[in-house]
Amino acid sequence: MHDSPVDDAVELLQALGLKEYEAKCFVALSRVESATAKAVSELSEVPRTRVYDAVDALEDAGLVARQHSNPQRFRAVPVAEAAKTLREEYD
């Protein structure tokens, strides 16, 4: 049985240094324009309380932007930009 494309993407991101929840949140955010922590949790199957930690780490790495609205919304940077950032960090 093959992994899904989402599972493959999560595994690849983990190989590039992201933790599991960070990778799952990034993949979820890359599939939508923007999302709240609740939506990220539902899309990624990451507990909502852990979404904030993961998104904080992704934001620090330059992979996610935070919209300071109520509720807060998050968006992934474009995949090409994320790949460049991760490649530079990995090297």
Side-chain angles (χ1 to χ4, degrees):
M1 190 160 120
H2 294 286
D3 289 341
S4 73
V6 169
D7 292 338
D8 291 344
V10 168
E11 286 180 23
L12 179 60
L13 289 168
Q14 286 181 273
L16 292 172
L18 294 185
K19 295 178 181 166
E20 180 183 5
Y21 285 167
E22 295 166 2
K24 286 182 173 187
C25 288
F26 181 79
V27 170
L29 282 167
S30 70
R31 298 170 68 199
V32 296
E33 188 174 321
S34 69
T36 62
K38 179 181 179 188
V40 172
S41 175
E42 291 168 356
L43 288 166
S44 65
E45 299 180 351
V46 170
R48 188 173 5 172
T49 55
R50 300 300 307 277
V51 166
Y52 292 102
D53 294 334
V55 169
D56 286 346
L58 291 168
E59 184 178 31
D60 290 346
L63 301 175
V64 165
R66 179 186 312 258
Q67 296 172 301
H68 295 282
S69 55
N70 190 9
Q72 289 185 60
R73 295 185 70 81
F74 310 101
R75 69 172 180 80
V77 299
V79 172
E81 183 181 330
K84 182 176 183 266
T85 300
L86 287 169
R87 192 175 305 116
E88 288 170 359
E89 189 68 30
Y90 186 78
D91 291 341

Begin from the C-alpha positions of Leu86 and Leu63 and carry the test side chain to side chain contact (heavy atoms under 4.5 Å, CB included) through to its verdict.
CA-CA 9 Å; Leu86 287 169; Leu63 301 175; 4.0 Å; yes
Kindly determine whether Val77 and Val64 satisfy side chain to side chain contact (heavy atoms under 4.5 Å, CB included), including the steps that lead there.
CA-CA 6 Å; Val77 299; Val64 165; over 6 Å; no
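Smallest separation of non-hydrogen atoms from Ser44 and Ala28: CB-CB, 3.8 Å.
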Sequence neighbours excluded and cut-off under 3.5 Å, please list the side-chain donor-acceptor pairs for residues 8-24, or say none.
| from | atom 1 | to | atom 2 | distance (Å) |
| --- | --- | --- | --- | --- |
| Glu20 | OE2 | Lys24 | NZ | 3.1 |
| Glu22 | OE1 | Lys19 | N | 3.0 |

Anything under 3.5 Å between a donor and an acceptor, one on a side chain of residues 46-61, the other on a protein residue two or more places apart or in another chain? List them.
| from | atom 1 | to | atom 2 | distance (Å) |
| --- | --- | --- | --- | --- |
| Asp56 | OD1 | Arg66 | NH2 | 2.3 |
| Glu59 | OE1 | Arg66 | NE | 3.1 |
| Glu59 | OE1 | Arg66 | NH2 | 2.9 |

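At most 12 non-hydrogen atoms from other residues, nucleotides or ligands lie less than 6.0 angstrom from CD of Glu33.
Side chains of Ser34 and Arg73: a donor-acceptor N/O pair is present below 3.5 angstrom, by distance only.
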